[in-house]
Amino acid sequence: MIGGSGVYDLALLEDTQRIEIASPFGAPSGPVTIGTIAGVRFAFLPRHGEGHRIPPEGVNYRANIDVLKRCGVTDLIAISAIGSLREEFAPGSFVAVDQFIDRTSGRDGSFFGEGLVAHVSLADPVCPRLSSLAADAAQAAGAKVHRGGCYLAMQGPQFSTRAESRMYRQWGVDVIGMTGMPEARLAREAELPYALLGMVTDYDSWRDGEHVEVDQVVQVMHANAALARRTVNELARLLPPERAGSPIDHALDNAIMTAPAKRD
Ligand code: ADE
């Protein structure tokens, strides 16, 4: 699991071990904590680092995905604070995101490039099986859950202007955040089924006379911290004893364009 703003640890983890994992992509947001909940092995990484010191544009998304893959993670769920662009997605509710629009810039967004060219499909960027499990877990924990929603990843760190917020609504966007991309695209390249469970903290700035401020975001996050913890607990109980294979486990099978190197 990757924890966004307000989710800095998985308090329910038992028999924990904190491990520093090196990555050729640089430093991840911090050590990975590994442990168990109801017999299920979890690995946890707080996206913004301990004490929330790493801004959205400063997160080393490639290193984070790489170290989670290296420690044996098979499925990745991110829990993140999000703003709402729809009246019915009220603060305090959860959204199991199923689509993304990427408006970030200047972030390393691929493990591939010069020398090894690959194009994975991102048509369906979220794993439906994992996302529906995450939604079931949040519901079992007592949250109001919306299944499906289009997430716009903005660059930040400033919040949107009113004109941007209203334009995104016209585009059909449901929720907004600063970190879902390039995380989701990198998870796909790493063949990790990915789901994003967003906690709505605010209505962004499209409503007349209202705008978003950090104290409001933090207040709603704190009010929802126990719900987020209960969600993870429920998730551990809902996971099937045997992991069924996912097509995303083979996302790279048909993605590599570069010819294999010739051997003598
Ligand atoms: N995270 C939480 N609320 C947000 C908003 N309104 N815009 C971008 N990121 C957010």
Side-chain angles (χ1 to χ4, degrees), residues 1-8 29 45-49 51-59 61 64 77-107 109 125-126 134 138 143-146 148-185 194-229 231:
M1 303 207 62
I2 291 183
S5 300
V7 187
Y8 304 111
S29 296
L45 182 60
R47 191 190 281 125
H48 298 284
H52 201 127
R53 293 204 165 73
I54 310 171
E57 71 280 11
V59 171
Y61 295 92
N64 284 357
I77 298 182
I79 301 195
S80 300
I82 49 173
S84 168
L85 297 168
R86 276 175 62 166
E87 195 74 53
E88 59 272 38
F89 288 11
S93 63
F94 283 47
V95 182
V97 164
D98 65 352
Q99 276 298 333
F100 289 91
I101 293 177
D102 190 355
R103 291 248 308 161
T104 66
S105 55
R107 303 181 184 184
V126 156
K144 163 100 184 125
V145 182
H146 304 278
C150 179
Y151 173 115
L152 184 131
M154 62 175 292
Q155 176 67 0
Q158 304 83 1
F159 291 117
S160 307
T161 65
R162 223 177 273 294
E164 286 166 336
S165 193
R166 289 176 178 164
M167 178 179 73
Y168 299 149
R169 270 167 60 76
Q170 288 183 1
W171 286 1
V173 174
D174 301 303
V175 297
I176 186 163
M178 300 182 188
T179 52
M181 284 289 193
E183 196 170 86
R185 60 176 77 244
Y194 181 83
L196 193 155
L197 193 58
M199 289 189 289
V200 178
T201 53
D202 56 88
Y203 273 120
D204 202 44
S205 46
W206 54 273
R207 295 185 355 157
D208 282 339
E210 289 181 28
H211 65 275
V212 48
E213 299 233 47
V214 161
D215 59 352
Q216 178 193 358
V217 171
V218 171
Q219 210 182 334
V220 180
M221 261 164 26
H222 282 293
N224 279 290
L227 201 51
R229 269 198 288 279
T231 297

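Numbering of ligands and ligand atoms starts at 1, following listing order. Predicted model, so just to flag it, every value in this text is computed and none were measured.
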**OP:** Name the closest protein heavy atom to atom 10 (C) of ligand 1, giving the residue it belongs to and the distance to 0.1 Å.
**Re:** Ile176 O, 3.8 Å

Original post:
Nearest protein heavy-atom contact for atom 1 (N) of ligand 1: which residue, which atom, what distance?
Top reply: Ala81 O, 3.5 Å

Subject >> Main-chain N/O of Gly180 paired with Tyr151 side-chain donor or acceptor, under 3.5 Å >> reply: yes

Original post:
Should the pair Arg207-Asp202 be classified as a salt bridge under the 4.0 Å nitrogen-to-oxygen rule?
Top reply: no

Original post:
Angle class for the His48/His52 ring planes (parallel below 30°, perpendicular above 60°, tilted otherwise)?
Top reply: parallel

Subject >> Element-labelled atoms of ligand 1 that are located less than 4.0 Å from some non-hydrogen atom of Asp204 >> reply: 5 (C), 6 (N), 7 (N)

Original post:
Distance from Ser29 atom OG to Leu45 atom CG, nearest 0.5 Å?
Top reply: 5.0 Å

Original post:
For ligand 1, which atoms have a heavy atom of Thr201 less than 4.0 angstrom away?
Top reply: 2 (C), 3 (N)

Subject >> atom 8 (C) of ligand 1: nearest protein contact (heavy atom, Å) >> reply: Met154 SD, 3.7 Å

Subject >> ligand 1 N/O within reach of Gly83 N/O, cut-off under 3.5 Å >> reply: yes

**OP:** Answer yes or no: is there a side-chain heavy-atom contact under 4.5 Å between Val97 and Tyr194?
**Re:** no

Original post:
Between the side chain of Arg162 and the main-chain N/O of Glu210, is any donor-acceptor distance below 3.5 Å?
Top reply: yes

Original post:
Which residue supplies the protein heavy atom nearest to atom 3 (N) of ligand 1, what is that atom called, and how far is it?
Top reply: Asp202 OD2, 2.6 Å

Original post:
With atoms numbered from 1 as shown, which atoms in ligand 1 lie under 4.0 angstrom from a non-hydrogen atom of Gly177?
Top reply: 8 (C), 9 (N)

